[in-house]
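So the structure is just underneath, and the comments pick up after that.
Order of listing sets the numbers, starting from 1, for every ligand and every atom in it.
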Amino acid sequence: MKAIAVFPKSRDVQLIDADLPSIASPTQVRLEMLDVGVCGTDREICAFQYGTPPEGSDHLIIGHESLGRVVEVGADVKSVSPGDLVVPMVRRPCPHAHCTACRCDRQDFCFTGDFQERGIGGAHGFMTEFVVEEERYLNPVPEALRDVAILVEPLTIAQKALIQIWQLQERLPWGCPHRPGKNHGHCRRALVLGAGPVGLLGAMALRARDFETIVYAREEAPNEKSRVVEAIGATYASSKDVPPDQIAARFGAIDVVYEAAGASRLAFDSMQALGANSIFVFTGVPGRKEPVAVDTDLLMRNLVLRNQVILGTVNAGRDAFEAAIRDVAEFGRRWPEALRSLVSGRHAPEEYRELLLGRPTGIKHVIRFARTD
Ligand SMILES: [Zn+2]
Ligand SMILES: [Zn+2]
């Protein structure tokens, strides 16, 4: 079967002919992969910045954003049956008895770092035709979401962030005043840094909860991303028009910053826009570059005097996957065209070079593996 793999030793990326996987235990499920998303992480693996093959293998099959269809189930599998659509989770627990997080099925909070991530580190991924996976790592998806469910995995980042934002905001002994027909973000202002897929999906999740939402990115409007932002009732701002230290003056103090740009300078500069009792959520992983100067006194003063929280978040648990599946359905009801426009193109596996090694334009590109669907 076709699979897209990196060979870190020979620094090569290839479309390979891999062995068909088969079910080896009664709790396993065999999936035909339908869509596999391409993201910055995949491109970084293909540039050999990281990515570790499974033990004993000279290559790693990449791909972690996926949608599959169940084709075969082991004798003990109860939650899915052949024909069902599923989105697999990415991270697998570390083996250590003392890792409370992994022992509680919350490997997204793993203490040791010895977890595996399918398609990223230590385990083959989903950029292939068939995959075998344990039932417990699969999330069933309604058939109606066939065309957009590939967005579930990148949306889980925002969902895990939102779950934590609500938990942190519970430290404040009041909520938004009740307004009929409004969700509980309605009295808060959110700033999304970055207008890539993670940023735009995060903006949709914030808008779905009625946050006033500003998406802040480099490119000047109008462009395809600013059109999505406007379609969901958010505001697009370019850093060329509004410098980071002017954000609060232009839009008012920010209650939640959702960072999805991976640019640390921009992130720390825009921290000045944070208001009282606010939360800054980092999701990006910047490459290591030259150190830059940051006014640490100002930052620390604001954190203390304004009761601010800085939160980093990575990966996602089952609760975030389930929330993402519900939200993709909700986005489809509210903004069907904007949601669909996030998928810029579906491509044959043979086009992997342009997608992974080139600089594709657009928002989210998807590789189609299914022969039948
Ligand atoms: Zn990704
Ligand atoms: Zn662990």
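- Listed here is the closest heavy atom pair of Ala260 and Val198: CB-CG1, 3.8 Å.
- Criterion: ILVMFWY side-chain heavy atoms under 4.5 Å apart, direct or through other members. Under it, Val13 and Leu355 are part of a common hydrophobic cluster.
- Inter-residue side-chain proximity for Leu60 and Pro54 is flagged as met; some heavy-atom pair is nearer than 4.5 Å.
- One side chain, Asn139 or Arg318, offers a donor N or O that lies under 3.5 Å from an acceptor on the other.
- For the Zn ion (ligand 1), protein N, O or S atoms under 2.8 Å: 3 in total.
- Within the 4.5 Å cutoff, side-chain heavy atoms of Val38 are placed close to those of Arg43.
- Side chains of Ser79 and Glu135: a donor on one and an acceptor on the other come within 3.5 Å.
- Residue-and-atom listing of protein N/O/S atoms under 2.8 Å from the Zn ion (ligand 2), sorted by chain and number: Cys94 SG, Cys99 SG, Cys102 SG, Cys110 SG.
- Under the salt bridge (charged side-chain N to carboxylate O under 4.0 Å, His left out) criterion, the residue pairs touching residues 90-108 are Arg91-Glu117, Arg92-Glu133, Asp105-Arg136, Arg106-Asp108, Arg106-Asp319, Asp108-Lys160, with sequence neighbours excluded.
- Sparse packing is recorded around NZ of Lys182, with 12 or fewer heavy atoms of other residues, nucleotides or ligands lying under 6.0 Å away.
- Residues in residues 209-218 take part in these salt bridge (charged side-chain N to carboxylate O under 4.0 Å, His left out) pairs, two or more places apart or across chains: Arg189-Glu212, Arg209-Asp327.
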